Structure formats: C-alpha cells, structure tokens
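Take a look at the structure set out below.
Atom set for the values below is all heavy atoms of this structure, side chains included, hydrogens, waters and symmetry mates excluded. Quick note on labels: first sequence line is chain A, next is B, and so on, each numbered from 1. Because the structure is a prediction, the values reported are computed rather than measured.
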Protein chains: 2
Amino acid sequence: MPADPPGFELPLRLFLGFRMLIDELHVELARQGHPDMRPMHGFVLQAIGPEGTTAVELGRRLGVSKQAAGKTVDTLEHLGYVERRSDPGDARRKIVRLTERGVDSLARSARIFEDLRAGWARTLGEDRLRALESDLRAMTAGDVFRLDVPGWFGGY
Amino acid sequence: MPADPPGFELPLRLFLGFRMLIDELHVELARQGHPDMRPMHGFVLQAIGPEGTTAVELGRRLGVSKQAAGKTVDTLEHLGYVERRSDPGDARRKIVRLTERGVDSLARSARIFEDLRAGWARTLGEDRLRALESDLRAMTAGDVFRLDVPGWFGGY
DNA sequence: TAAGCTCGACAACACCATTGTCGAAACAGT
DNA sequence: ACTGTTTCGACAATGGTGTTGTCGAGCTTA
C-alpha cells in the first residue's frame, strides 16, 4: 500500500490551484477589455458590492486600514471601475459605487470562472469536482471574505 | 438536480484552505520555539535546500530579483535560520546554508503538516482526501516552486 | 448646547520590491 | 597568457504599498 503524500503537498497544491485559476482569469479578462485588472481588484470590487460602501467600511471588510482602502479606491477610480459620490444623508460619508465598467468586469469574471470550472469538470468529471468543492467547503467553513492578503504572506 | 456551485467558489475555497493550513502551521511553529517564522520563510528555506545556494540562484527559484532574495536572506540570517559562507572554489559566491535551527524548523514544519493532513483525513476520510490531492495534482501539474507571490496579488 | 464618535484628508514614516551601476572574480576564445 | 564576456555580490536611487498620527468637519446622543 502506498505511503501518504507528504503533508506539505496539500497546501502547495491548494495554492497552485488558486493561483492558476486567478492567472487564467486575468489572461481572459485582459482579452475581454480589462487589461488593468489586478488579482486584488476583483476581490475589492466584490467587497464593495452593488450597494456601495465607504472607505472605512471597506477597510474593515478587507482587514486593512482606511488609508490603504482609500488608496486602492483611488486606483480603481482612476481606472474607471468605481466612483465616489457624496452621501446626501450624511455629509461626512463618500460612498464608493461600482461604475458600469466595474459591474461589467464582475459579470465577465463570473462568466470566466464558470468556464474555468467547466474545464476542471471536463478533466476531473463533474462528480469528482463536486466532491472536491464539497470537501473544501467542509474544511473551510466560515468567513469567505477576509482578504487581508496584502502583507499576510510576505514580510521580512 | 442542484445547480452547479458558482464558479468563483472554487478559487476562493482553494485559497481559504491554503491560508488555513499555513496559519495553523505557524501557530504551532510558534508554540514549538519558532515564533518569528513568517509564511514566506518556510518556502524560502525549502528553496535553499540542504545543499545551500546563492542569492542569485535563490532569486531565480523564487521569481524575484537577487536584491530581494538577498534582503530576505539578511533577515533569515539575523533570525538564525541561515548563514553565509564563502565558497572556497569561487571567490565571487557566498553560499547560503541552513543552520541547525533552520533544519529544525523545516523538520517541525513537515511534522506539523503531517498532523494537519491527518486532521483533514479524520474529517473527510482518507479516501476522499487522497482523491482531493490526486485531483489537485492533476490540475496543477508542474512547477511546484515559483513563489513570486510578493507583488503578485497586491499592486494598485 | 455640549461631549463624544465617525468620516475623510493630509503628513510622516517604514517596509519591500524594483532597476541601474560598479568592482571583483571566473570563464572562453584567441 | 591576454582579452572580452559573464556572473556574483554590494551599493544607491526610486517607486509603490501599508502603517500610525493628526486634524477639521459633521453626525449623534445625553
């Protein structure tokens, strides 16, 4: 009977799978008119959501400071994915909203992810893929957002 | 018949699984006398390997500049995980080698990863876990190292 | 009204990656 | 052996990203 795979293979493969999907997503996104999207942008746009949000709240969701969130919003605003509007009900707040272009990028991302998933299903079979998703869901239940990735992995 | 899971769930769960394992590893590593290890350090120590290597070669393996690799080596040297020695056969080279402490951290990491994998096996069953690993292996075949993570995800 | 909190902006700082340059050493071709 | 090219490690300069701290303006509540 074969020995168990070494323990370090599991996290490595999980990361490689993630990275492969994200890279393929962005290759295709670039082809479809969004060449400036960075991996993190999609997560930020998702975190902003259809209702819009503020820099402080966005920072909380992403696990970074409000200044960092504001900086990211600056970039996304400059790229045309979001816009800032004054909140008529609270003069302190400036609500960050998705533009049409921002919504388009999310819609295309969703479509591309479906296609990529279908590719996995062709290789693995739908049953195996569902089992894989189900098992991952079982092991990672909980907080889907928590994207304090900037600075999490790196760091001297 | 149930609808397919949305396509974006797969990459998200892959990342969450990776992150959960890495976080649990470092909690346990800290308990076992390595509180200063950062997620990236383990990968760097693995990339250095038992034979040692140079800053330039390390940078190539990790996909970063030689300067960045050198900086990381500085930190690991300061923490006592590696040491630099002059190459007697080539006066230009300074070979980075693991110290005893560096080897110890890798040995403990391997053991902890085995334990974490065993935890997954208890929840999912050994068969399902093997299937999961096998499927991930099938989808991500290839270059296991290529950790140009610094700057890959982030970026304004 | 007054005190306290929240929001967004600005400044200063730290960290980490980059490119470019340089001298020393090894190597390859003549 | 000499010379030109390549490789290595160090240094300097730069840019991007995140942090804390501070401030004024505006809500909120006692």
Side-chain angles (χ1 to χ4, degrees), chain A residues 19 36-45 47-49 51-79 81-97 146-156, chain B residues 36-44 47-48 51-79 81-97 145-156:
Chain A
R19 173 159 185 170
D36 295 324
M37 285 273 289
R38 307 275 299 116
M40 142 148 274
H41 292 164
F43 289 87
V44 174
L45 294 183
I48 290 172
E51 300 301 318
T53 183
T54 68
V56 169
E57 177 57 25
L58 183 59
R60 276 201 206 107
R61 286 186 203 167
L62 298 177
V64 299
S65 67
K66 61 185 180 179
Q67 290 85 343
K71 271 286 213 176
T72 302
V73 169
D74 285 345
T75 303
L76 287 172
E77 187 176 29
H78 186 258
L79 291 175
Y81 289 101
V82 303
E83 59 187 356
R84 285 185 228 241
R85 288 192 193 170
S86 294
D87 183 341
D90 187 337
R92 293 170 309 175
R93 291 157 53 97
K94 287 195 179 171
I95 300 181
V96 180
R97 288 190 176 282
R146 213 15 229 281
L147 267 297
D148 45 346
V149 177
W152 166 72
F153 192 86
Y156 276 155
Chain B
D36 295 324
M37 288 273 287
R38 306 274 300 116
M40 140 148 276
H41 293 164
F43 288 88
V44 175
I48 290 171
E51 302 299 320
T53 184
T54 67
V56 169
E57 177 57 26
L58 184 59
R60 275 201 205 106
R61 286 186 203 167
L62 298 177
V64 299
S65 67
K66 60 185 180 179
Q67 290 86 341
K71 267 290 210 176
T72 302
V73 169
D74 286 345
T75 303
L76 288 172
E77 187 177 29
H78 186 258
L79 291 174
Y81 289 101
V82 303
E83 59 186 359
R84 284 184 228 243
R85 289 190 193 170
S86 293
D87 184 340
D90 186 336
R92 293 170 306 175
R93 291 156 52 95
K94 287 193 178 170
I95 300 183
V96 180
R97 286 189 177 284
F145 278 114
R146 217 9 233 281
L147 265 298
D148 45 346
V149 177
W152 167 71
F153 192 86
Y156 275 154

Side-chain N,O (B:R60) to OP1/OP2 (D:dC8) below 4.0 Å: yes
Spacing of CE belonging to A:M40 relative to CG belonging to A:L76, to within rounding of 0.5 Å: 9.5 Å
Out of D:dT19, D:dG9, C:dG20, whichever nucleotide has its closest atom nearest the side chain of B:Q67: C:dG20
Among D:dC27, C:dG8, D:dT19, the nucleotide that comes nearest once only the side chain of A:D90 is considered: D:dC27
A:R92 side-chain N/O to D:dC23 phosphate OP1/OP2 under 4.0 Å: no
Proximal nucleotide (of D:dG9, D:dA10, C:dT18) relative to the B:T54 side chain: D:dG9
Interatomic spacing from CG in B:L58 to CZ in B:R60 - rounded to 0.5 Å: 11.0 Å
Side chain of B:T72 (C-beta onward), nearest among C:dA17, D:dC8, D:dT19: C:dA17
Separation of D:dT17 C1' from A:R38 CZ (nearest whole Å): 12 Å
Length of the line joining B:H78:NE2 and C:dC16:C1', which is rounded to integer Å: 17 Å
Nearest-angstrom distance from the residue atom CZ of B:R84 to C1' of D:dC8: 12 Å
Atom-to-atom span, CG of A:D87 to C1' of D:dT28 - whole angstrom: 15 Å
Spacing of A:R92 atom CZ and A:D87 atom CG [to the nearest 0.5 Å]: 9.5 Å
Between NZ on residue A:K71 and CD on residue A:Q67, distance to nearest 0.5 Å: 11.0 Å
D:dT20 OP1/OP2 closer than 4.0 Å to side-chain N/O of A:K66: no
Atom pair distance, as rounded to whole Å: CG in B:L62 and C1' in C:dC16: 14 Å
d(CZ, B:R93; P, C:dA24) in whole Å: 20 Å
Distance, rounded to the nearest Å, where B:K71 contributes NZ and D:dT14 contributes C1': 14 Å
Closest non-hydrogen atom pair, B:A47 against B:L62: CB-CD2, 3.8 Å
A:A91 or B:I95, whichever maps to the more 5' nucleotide of DNA chain D: B:I95
Residue whose closest nucleotide on DNA chain D lies nearer the 5' end, A:P88 versus A:S65: A:S65
d(NZ, B:K94; C1', D:dC8) in whole Å: 11 Å
